[in-house]
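Below, read A as the first sequence line, B as the second, and so on, with proteins coming before strands; counting in each chain starts at 1.
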Amino acid sequence: MPTTSIGGDERISKFKNKGKDLAKLREKRITECVELRKAQKENFFKRRNISLSSLPEDEALSPENGTVSFRIEDIIRDVNCDDRQAQTRGCQAARKLLSKDHDPPMKKIVDAGLLSRFVSFLSLDDEPTLQFEAAWALTNIASGTSWHTQQVVNHGAIPAFINLLTSPMLHIVEQAVWALGNIAGDGAAYRDVLIECNVIPALLAHISPDAPVGFLRNLTWTLSNLCRNKNPCPPMSAVNQMLPSLMQLLHLSDKDILSDACWAISYLSDGSDDRIDVVVKTGIVPRLVELMNNKELCVMTPALRSIGNIVSGSDLHTQMAIDAGVLSVLPNLLRHPKPTVQKEAAWALSNIAAGPCKQIQQLITCGLLPPLVEVLKNGDLKSQREAVWAVTNFTSGGNVEQVVQLVKSGALEAIINLLKVKDAKIILVILEAVNNMFLAAEKLGETERLCLFVEQLGGLEQIEMLQNHANEMVYQAAHNLIEKYFSDGDLEEVQVDAMQNGFVF
Amino acid sequence: MSMSQPTEPATDGAAATEEAKITTAETEKKADEVVEEEEEEEEYVVEKVLNRRVVKGKVEYLLKWKGFSNSEDNTWEPEENLDCPDLIAEYLQKQKSAHEGKRKAVGDADGDESKSKKKKDDNEKLRGFARGLEPERIIGATDSTGELMFLMKWKHSDEADLVPAKEANVKCPQVVISFYEERLTWHSYPSEDEKKEEKN
């Protein structure tokens, strides 16, 4: 606090509070603060009332205040008149109705013919409050069904929202981003219309380290919708525009941003090899593998999906994932408590196992066999299904030594136990695996040993029963196996103790 | 109003007819029929089948035309308009054995996927500067939370909320200065003469 008295008289004379009672001023400030706090509380409670109760539109709210009415007729009248204040009031009331948790009256607002007014408000750069309320109301309508989104688009919302992306007010830009996200999310058609209207550069221009986190979250989500949907996939030119920015976003730390950025990558990598190619060429794979380890499920899930998509591509793509360390992360995910995570991990593993010997060898070296067998034994049905594919792919692409390793790990025993499932397709896949194992045994002249082993595990019994299966392909496959490898007779009489040490080639 | 049309024109030059795009073999056969056409008919040759989709239950293929540029001039054509079974078969075969044993993702990630549309419920989940609003003025201060906080009134909003002074000092220093200046209190001090006397 200034204390000098030199020139003090002059300064005192300029001071705005000169001559006023200091104590009274302080009292006044305290009262003001208290009032503001009270008002804030009241508003807070009022908001709760609006969102929790189903607000009947016939009731006018707080008629004593005379400010806000939620009756549709009043809203229509206000929005349609020429007075900016009334328009804002009506628009805000509509927005609040449309923000209700329960049953927002979207169709009513549309049928009331308010959309064209709302869209026209979007262009009023000198009325930012009105712009904002209209943008919010339209956002919520566009969040409905395809019909709702179509109504919004049909009233010219797209160019209006794209214009708002250049507004000097960040909260308005953000609202426009959100609305555009809803429109893009409707499907490939609107997504491509937006892309044609050059929405992508306008969006990317707002990515900066200073941008508030909430804003970036909305932006990332909207970008992900522009990457989303197939038939057709987004145009390559658009993908190439968005990828560098997605890379940037993937190096931030906010979980919501990371989650949506990963979803975007998962959409982009869900396609043919050339689609996967542009994604991996960005060098994003190591970061994705890192994010597979993220403690947040909302980040880990799409990261895993992305990698799963990548290893469903070419051997080259798969090798990139392996080089980035995916094999050291997968075992944890195969043991993850959440069944869908296990399933996705097993699916990724099955695709890696569909690769060349060299990659199959890496699976063995990195210890993927034990967790695979665990899934076969303990996983839920969907995970087991994927794990079975992993085994069969392994037996199909692996060399003899590798198949031996697989059998030694307990995989054969585990898949034999799965022969009792109801899914005919899975039974076929298992029988194919068994057949492949016999082919490997043949090369070593060890088919009899394998027969004994299979019988010991109860597999012969199962396969014999499958000869009566309702599905034609199943009983054929089972029959073929029996014919080829088990028809020498006298098998049942062979002592089992010879095999006490387990199956050894 | 539909956003996607089943058949898009190839180039603006040639008047693309609704008839099938025919291969060179067929051209000779149809030579006689050309006379009957009112418009000038040019033959287009399919070079390659690039993609496949189903629109309103009908199968369509994305075609690369011989002599036309890739990507811009490629068009989607309904299956029934086409007469290039080899090219179609080639495409389908490629899809199947793209990689032996590799299987693409099946369906959604079991409901874990990000929402395709979002409704905005309220503005207030985000607080302070994260709301993206412009500061108007500070109307109060408190340190009851342990650190000094300002109650900020934002432009274009009637909802004020607390922001850390540390953040405000950097993001809107002038607003902070105004707040402090408004609250300067002046203490009365002994006059010049009284001071001189004390010194003596």
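Listed by sequence position, R137(B), I139(B), G140(B) are the residues of residues 136-144 of chain B in contact with chain A, using a 4.5 angstrom heavy-atom cutoff.
By the neighbour-count criterion of 12 heavy atoms within 6.0 Å, atom NZ of K58(B) is sparsely surrounded, having that number or fewer from other residues, nucleotides or ligands. The neighbour count for E182(B) CD, taken as heavy atoms of other residues, nucleotides or ligands under 6.0 Å away, is above 12.
The minimum heavy-atom distance linking S116(B) with W221(A) is given by the pair O-CZ2, 3.5 Å. Scanning both residues, K102(B) and D315(A), for their nearest heavy atoms gives CE-OD1, 4.3 Å. Minimum interatomic distance between S99(A) and K119(B) (heavy atoms only, all atoms of both residues): O-NZ, 3.9 Å. Nearest heavy-atom pair, W76(B) versus P232(A), reported as atom, atom and distance to 0.1 Å: CZ2-CB, 4.4 Å. Between N182(A) and K118(B), the shortest heavy-atom distance links the atoms OD1-N, 2.7 Å. In plain terms, the two heavy atoms of N351(A) and G101(B) that are nearest each other are OD1-O, 3.9 Å.
Residues Q175(A) and K120(B) are in side-chain contact: their nearest non-hydrogen atoms beyond the backbone lie under 4.5 Å apart. Between W263(A) and E113(B), the closest side-chain pair of non-hydrogen atoms falls below 4.5 Å.
For a residue to count as touching a neighbouring chain, one of its non-hydrogen atoms must lie under 4.5 Å from one of that chain's; by this rule A188(A) does not touch chain B. The contact between P104(A) and chain B is made entirely by side chain atoms (from C-beta outward), counting heavy-atom distances below 4.5 Å. Using a 4.5 Å cut-off between heavy atoms, D186(A) contacts chain B through both its backbone and its side chain. Neither the backbone nor the side chain of I141(A) comes within contact range of chain B; no heavy atoms are under 4.5 Å apart. Y267(A) touches chain B through its side chain: at least one heavy atom from C-beta onward sits under 4.5 Å away, while N, CA, C and O do not. Proximity to chain B (any heavy atom under 4.5 Å) is shown, for P302(A), by neither the backbone nor the side chain. With a 4.5 angstrom heavy-atom cutoff, S237(A) does not touch chain B via any of its atoms. Interface residue I276(A): only side-chain heavy atoms are found under 4.5 Å from chain B.
Under 3.5 Å, the side chains of T145(A) and K117(B) contain no donor-acceptor pair of N or O atoms. When only modelled atom types and interatomic distance are considered, D260(A) and S114(B) share a side-chain donor-acceptor pair under 3.5 Å. Side chains of S312(A) and K104(B): a donor-acceptor N/O pair is present below 3.5 angstrom, by distance only.
Put simply, CG on D121(B) and NZ on K96(A) are 14.0 Å apart, with the number rounded to the nearest 0.5 Å.
Chain B forms more heavy-atom pairs under 4.5 Å with one residue of I183(A), L170(A), N140(A), N231(A) than with any other, namely N140(A). Per-residue counts of heavy-atom pairs under 4.5 Å with chain A were compared for E134(B), R52(B), K115(B); the largest is that of K115(B).
Residues meeting the side-chain hydrogen bond (donor to acceptor under 3.5 Å, both in side chains) test with H206(A), sequence neighbours left out: none. S350(A) is linked by a side-chain hydrogen bond (donor to acceptor under 3.5 Å, both in side chains) to R103(B), counting only residues two or more places apart in sequence or in another chain. Partners of S266(A) under the side-chain hydrogen bond (donor to acceptor under 3.5 Å, both in side chains) rule, at least two apart in sequence or in another chain, do not exist in this structure.
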